[in-house]
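Remarks on the structure that follows.
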Amino acid sequence: MIVGSVCMSHSPIMDRNRAAPDAEKRFWSAIEKAADYVAEAEPDLVVVFHPDHVNGFFYKLLPSFCIGIEGASVGDFGTAAGKLDIPENRALSCAEHTLKDGVDVAISYRMDVDHGGAQPIELLSAKLPLKRMIPIFVNCALAPRPTMARVRALGAAVGRWAAACPERVLILGSGGLSHDPPIASLATATPEVRQRLIDGGPLPHSARMTRQNNVMGEGPRYAAGQSKLLPLDVEWDKRLLDGFASGDLTVLDGLDDETITRTGGRGGHEVRCWIAALAALGQGYRSDVLFYEPIPEWLTGMGIMTATPA
């Protein structure tokens with residue numbers, strides 16, 4: 001059975017770049033409320049819809065959706081590295097059901113999960129540790145991306161599986177809201193970056209540190225108005241939150257990906273994970289927006305929402 005859902009933004013630099021004290025206080029207060037919600041729901045299995053930041057999925061083979069049967073956290077940006085506790089038989093059951101329900105998902109016995117999947121698990125484990133999990137990758141970073149309609153179909157199929165499970169299942173959606181991280185594009189990449197985008201592979205420690213330091217250094221510049229990244233779009237974020245809170249998961253259907261990039265930024269595509277998670281609950285879910293503020297030091301419109309099926 002599904003016991004609830006949490007959708008939330010993530011930011012890889014929140015533990016390194018300090019935001020305004022009042023904003024941080026409000027954010028961490030909302031995280032505590034979300035952790036309380038999770039603890040009261042008492043889940044014994046977590047399904048997390050998550051993006052990847054070109055750490056585990058590359059153009060060599062890029063599925064729209066992939067369910068992890070076995071996998072590990074890569075440990076980027078301070079998240080814990082190591083093998084994830086994925087119950088193989090339950091993850092395979094989820095994949096088989098989703099395929100039979102008409103949604104083509106890939107599976108992976110060697111899924112690499114970065115901070116996009118790991119950070120929400122860690123933040124929400126303060127009151128009740130979330131251990132057993134099934135990670136479901138949704139391609140949000142690299143074009144071409146799945147349509148919003150297919151994302152809803154994925155979420156609904158997984159939701160029907162979860163609703164019939166003997167376990168108490170918590171559904172997480174990680175990503176968004178508006179933000180414009182420096183994600184490389186195949187069309188404009190240097191030969192070296194292009195090879196990385198296609199072939200992937202583990203990053204050497206020095207390369208990962210350089211990459212992370214570049215992102216962390218962007219925070220102060222962004223907050224000071226000295227960054228070339230797209231500004232956070234509060235109006236866009238609130239439109240999405242209002243739609244999601246009211247049960248409207250079609251709010252982005254009229255926009256193509258280029259328009260989303262110009263408004264919500266390159267990271268705005270990650271709201272697909274919210275849409276999948278909420279679609280899993282079915283119609284008539286009850287929701288509560290616990291937090292929303294644009295936090296430039298974290299490069300992100302930070303939102304947290306809980307939702308409970310009807």
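When a residue number appears, it is its place in the shown sequence, counting from 1.
- Considering only heavy atoms from C-beta on, Val74 stays 4.5 Å or farther from His115 through its side chain.
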Begin from the C-alpha positions of Leu299 and Ile13 and carry the test side-chain contact (heavy atoms from CB on, under 4.5 Å) through to its verdict.
CA-CA 8 Å; Leu299 303 178; Ile13 56 177; 3.8 Å; yes
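- Note on Val138: it does not cluster hydrophobically with Phe57, by side-chain heavy-atom contacts below 4.5 Å among ILVMFWY residues.
- In this structure a side-chain-to-backbone donor-acceptor pair under 3.5 Å is missing from Ser11 to Thr300.
- No continuous path of ILVMFWY side-chain contacts below 4.5 Å connects Tyr109 to Val113, so the two sit in separate hydrophobic clusters.
- Applying the side chain to side chain donor-acceptor pair (under 3.5 Å) criterion to Glu40, with sequence neighbours excluded, gives no partner residue.
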Worked verdict on Ile134 versus Val46 for side-chain contact (heavy atoms from CB on, under 4.5 Å)
CA-CA 6 Å; Ile134 299 176; Val46 179; over 6 Å; no
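- Atom CG of Leu230 is separated from atom OG1 of Thr261 by 9.5 Å, given to the nearest 0.5 angstrom.
- Checking Gln119 against His50 by side-chain atom types alone, no donor-acceptor pair falls below 3.5 Å.
- Between Pro51 and Asp114 the shortest heavy-atom distance is O-OD1, 3.8 Å.
- Side-chain atoms of Ser287 come within 3.5 Å of backbone N or O of Ala245 as a donor-acceptor pair.
- Among residues at least two apart or in separate chains, side-chain hydrogen bond (donor to acceptor under 3.5 Å, both in side chains) pairs with a member in residues 146-173 are Arg90-Glu167, Ser93-Trp161, Asp101-Arg160, Arg152-Asp253.
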Would you check, one step at a time, whether the test side-chain contact (heavy atoms from CB on, under 4.5 Å) holds for Leu252 with Val271?
CA-CA 10 Å; Leu252 289 177; Val271 296; 3.5 Å; yes
Under 3.5 Å donor-acceptor pairs involving side-chain atoms of residues 25-34, not counting sequence neighbours:
unit_1 : atom_1 : unit_2 : atom_2 : d
Arg26  : NE     : Glu293 : OE2    : 2.4
Arg26  : NH2    : Glu293 : OE1    : 3.2
Arg26  : NH2    : Glu293 : OE2    : 3.3

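- For the atom pair Ile2 CD1 and Ile171 CD1, the distance stands at 5.0 Å (nearest 0.5 Å).
- Taking the side chain as every heavy atom from C-beta outward, Leu142 and Tyr59 approach each other to under 4.5 Å.
- Across all non-hydrogen atoms, the minimal contact from Gly68 to Ile86 is O-CG2, 3.4 Å.
- Legend: residues meeting salt bridge (charged side-chain N to carboxylate O under 4.0 Å, His left out) with Glu24, ordered by chain and number and at least two apart, are Arg18.
- Minimum interatomic distance between Pro43 and Val3 (heavy atoms only, all atoms of both residues): CB-CG2, 4.2 Å.
- Closest of all the heavy-atom pairs between Gly116 and Pro120 is O-CD, 3.8 Å.
- The side-chain heavy atoms of Val38 and Lys127, taken from C-beta on, include no pair separated by under 4.5 Å.
- When atom types are taken as modelled, the side chain of Thr306 and the backbone of Val6 share no donor-acceptor pair closer than 3.5 angstrom.
- In terms of the side-chain contact (heavy atoms from CB on, under 4.5 Å) criterion, Ala72 has no residue partners (sequence neighbours excluded).
- Judged purely by distance below 3.5 Å, without hydrogens or angles, the side chains of Asp248 and Thr250 pair a donor atom with an acceptor atom.
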Let me see the working for Phe65 and Phe137 under ring pair (Phe, Tyr, Trp, His ring centres under 6.0 Å), right down to the final yes or no.
CA-CA 5 Å; Phe65 311 124; Phe137 161 75; 8.5 Å; no
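- Taken from CG in Asn89 to CD in Glu96, the straight-line distance is 10.0 Å, to the nearest 0.5 Å.
- Annotation: side-chain hydrogen bond (donor to acceptor under 3.5 Å, both in side chains) contacts involving residues 130-139, sequence neighbours excluded, are absent.
- Side chain of Ser9 to main chain of Gly301: a donor-acceptor pair is present (N/O by atom type, distance under 3.5 Å, no hydrogens or angles).
- Using a 4.5 Å cut-off on side-chain heavy atoms (C-beta onward), Leu84 and Ser73 make contact.
- Looking at heavy atoms from C-beta onward, Arg196 lies in side-chain contact with Phe58 at the 4.5 angstrom threshold.
- By the side chain to side chain donor-acceptor pair (under 3.5 Å) test, Ser174 pairs with His10, sequence neighbours left out.
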side-chain contact (heavy atoms from CB on, under 4.5 Å) between Val105 and Val158, intermediate numbers included:
CA-CA 11 Å; Val105 292; Val158 172; over 6 Å; no
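- Leu278 has its side chain within reach of Leu281: a pair of non-hydrogen atoms, C-beta onward, lies under 4.5 Å apart.
- One hydrophobic cluster, built from ILVMFWY side chains closer than 4.5 Å, cannot hold both Leu172 and Ile67; they sit in different ones.
- Both Met14 and Ile295 are part of a single hydrophobic cluster, where members link through side-chain heavy atoms under 4.5 Å apart.
- Not counting sequence neighbours, Ser108 has no partner by the side chain to side chain donor-acceptor pair (under 3.5 Å) test.
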Donor-acceptor contacts, no H, no angles, side chain residues 234-241, under 3.5 Å, sequence neighbours left out:
unit_1 : atom_1 : unit_2 : atom_2 : d
Trp236 : NE1    : Thr263 : OG1    : 3.4
Asp237 : OD1    : Ser178 : N      : 2.8
Asp237 : OD1    : Ser178 : OG     : 3.2
Asp237 : OD2    : Ser178 : OG     : 2.9
Asp237 : OD2    : Tyr292 : OH     : 2.6
Arg239 : NH2    : Val251 : O      : 2.9

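- Note on Val151: it clusters hydrophobically with Met305, by side-chain heavy-atom contacts below 4.5 Å among ILVMFWY residues.
- By the side chain to side chain donor-acceptor pair (under 3.5 Å) test, Asp15 pairs with no residue at all, sequence neighbours left out.
- Within 6.0 Å of CD on Glu70 lie more than 12 heavy atoms contributed by other residues, nucleotides or ligands.
- Formation of a donor-acceptor pair under 3.5 Å by the Glu270 side chain with backbone atoms of Gly176 is found in this model.
- Here the CG-CD1 distance, from Leu123 to Ile304, works out to 8.5 Å after rounding to the nearest 0.5 Å.
- A search for salt bridge (charged side-chain N to carboxylate O under 4.0 Å, His left out) contacts involving Asp257 returns Arg145, Arg272, not counting sequence neighbours.
- Within the structure, no pair that satisfies the ring-ring contact (aromatic ring centres under 6.0 Å, His included) test touches residues 30-49, not counting sequence neighbours.
- Between Gly247 and Tyr285 the shortest heavy-atom distance is CA-OH, 3.3 Å.
- Considering every non-hydrogen atom in both Val48 and Gly117, the closest pair reads CG2-O, 4.2 Å.
- With rounding to the nearest 0.5 angstrom, the CD1 atom of Ile198 is 13.0 Å from the CG atom of Leu61.
- In this structure, the side chain of Thr98 engages the main chain of Cys94 through a donor-acceptor pair within 3.5 Å.
- Between Pro87 and Leu45 the shortest side-chain heavy-atom distance falls below 4.5 Å.
- No side-chain heavy atom of His53 sits under 4.5 Å from any side-chain heavy atom of Pro181.
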